[in-house]
Undergrad: 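Submitted below is the structure of interest, expressed as structure tokens.
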Amino acid sequence: MQSWPGPPIPKLPGRGLPLRLFDSATGQVRPTAPGATARMYVCGITPYDATHLGHAATYLAFDLVNRVWRDGGHEVHFVENVTDIDDPLLERAVRDHDDWMVLGMRETALFREDMTALRIVPPRDYIGAVESIDEAVALIVALLDSGTAYRLDDGSGDVYYDVTRAERFGYESGLSTETMLTLFAERGGDPDRAGKRNRLDPHLWRGARPDEPSWESPVGRGRPGWHIECTAIALNRLGMAIDVQGGGSDLLFPHHEMSAAHAESVTGDWPFARHYVHAGMIGLDGAKMSKSRGNLVFVSRLRGDKVDPMAIRTALLAGHYREDRPWTAGLLDQAQSRLATWREAVALDAGPDARALLDDVRRQLADDLDTVNALSTVDRWATEALHRGGRDADAPRLVQDIVDALLGISLS
Ligand code: ZN
């Protein structure tokens, strides 16, 4: 799958600090400890609708992880998927009398444009579900061979994963079985499907149905489930014990729990990821922004209204990535005025020394991506530069580079 063009990243003097991130599995902010190449997998979109601000906030959070690691001297192998075949996509295509493949391609193209406009560093591997079906099938075959997966005997051709075979099942989310069952039912699971061994067992393979796309494979004709898709794409490119498995907080369960369990069952190794990192949800008018509520603000719509993508980026970074937070018109106004101030300040011939600012922003971002304080640090320098001036002729350029490299905000 084609990715999108990467923004240039200025090189900063010195080196950034090791990144500490909140890990959902342990409930703690812990240091990430990547090798020379940091490995990150972030779950991508199901392309049946345009990128809304909730998506944007999630990809921005992991973009900062990427940037902080690079500033710390690491290469970053970042992998993202696009779930270009799944029930929600097919349902939307049927509803709108659209072709599922055309719908998926159209929305994926729009997603690339949005990511480019928001200056998200692209993944090295951007992989579609359809192009990786063989990879998912290979894992399903292995799970069937070991008895960890089973076929329903109702003629559907469906294959399920037996969660009781996962030794540490539940470690990623830490949820009670009751909560798991509620979330499983809400988020695409089928706890009451007859013939399953356990109510929480997720499907690995959906046997072919009339009027649904399907592919020939060694496990029969059909299509893979979502969790095993991510497992296969991640495992084949990044291996086990990846540094970060990321996504929105609505992926905590079942998606990330199941993908991890699948990977651990296939390899007999543990853990799938050393950090499970989740971004908060963006709300509108007091409710989580979601397709079912219809209260979505689309990045492409804002761009169409001539909103500066850097203002969208700045507005989303004004809140902490883990917090559920509202989107308001006031937030965008504040971001626009903040950007105007920063741009005015970096256009000066000289300003106050900015080396302390670099240290502060590095320290703040290394502390679980504290963008709230990092933005305030830049505010203070800009205010001082504009009101009291400064003698350092290199400072405005350095600040522009810091804001660009670490926060991804272009002031030019
Ligand atoms: Zn995923």
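Atoms within a ligand are numbered from 1 in the order they appear, just like the ligands themselves.
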Undergrad: Taking only residues two or more places apart in sequence or in another chain, which ones pass salt bridge (charged side-chain N to carboxylate O under 4.0 Å, His left out) with Asp370?
TA: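 If we apply the salt bridge (charged side-chain N to carboxylate O under 4.0 Å, His left out) test to Asp370, skipping adjacent residues, there are no hits.
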Undergrad: Please work out which of the three classes, parallel, tilted or perpendicular, describes the rings of Trp226 and His255, given edges at 30° and 60°.
TA: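 Because their plane-to-plane angle is under 30°, the rings of His255 and Trp226 count as parallel.
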Undergrad: Can you name the nearest heavy-atom pair linking Leu118 to Pro309, along with the distance?
TA: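 Closest heavy-atom pair between Leu118 and Pro309: CD2-O, 3.7 Å.
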Undergrad: Evaluate the side-chain proximity of Leu317 to Ile409: yes if any heavy-atom separation is below 4.5 Å, no if none is.
TA: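 A side-chain contact under 4.5 Å exists here.
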Undergrad: Under the salt bridge (charged side-chain N to carboxylate O under 4.0 Å, His left out) rule, collect the residues that match up with Asp368, sequence neighbours excluded.
TA: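 Scan of Asp368 (salt bridge (charged side-chain N to carboxylate O under 4.0 Å, His left out), adjacent residues dropped) gives Arg322.
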Undergrad: Can you name the residues that form a salt bridge (charged side-chain N to carboxylate O under 4.0 Å, His left out) with Arg206, not counting sequence neighbours?
TA: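 With sequence neighbours excluded, Arg206 shows a salt bridge (charged side-chain N to carboxylate O under 4.0 Å, His left out) to Glu212, given in chain and number order.
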Undergrad: Could you enumerate the protein N, O or S atoms under 2.8 Å from the Zn ion (ligand 1), written like residue then atom name?
TA: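 Less than 2.8 Å away from the Zn ion (ligand 1) sit Cys43 SG, Cys230 SG, His255 NE2.
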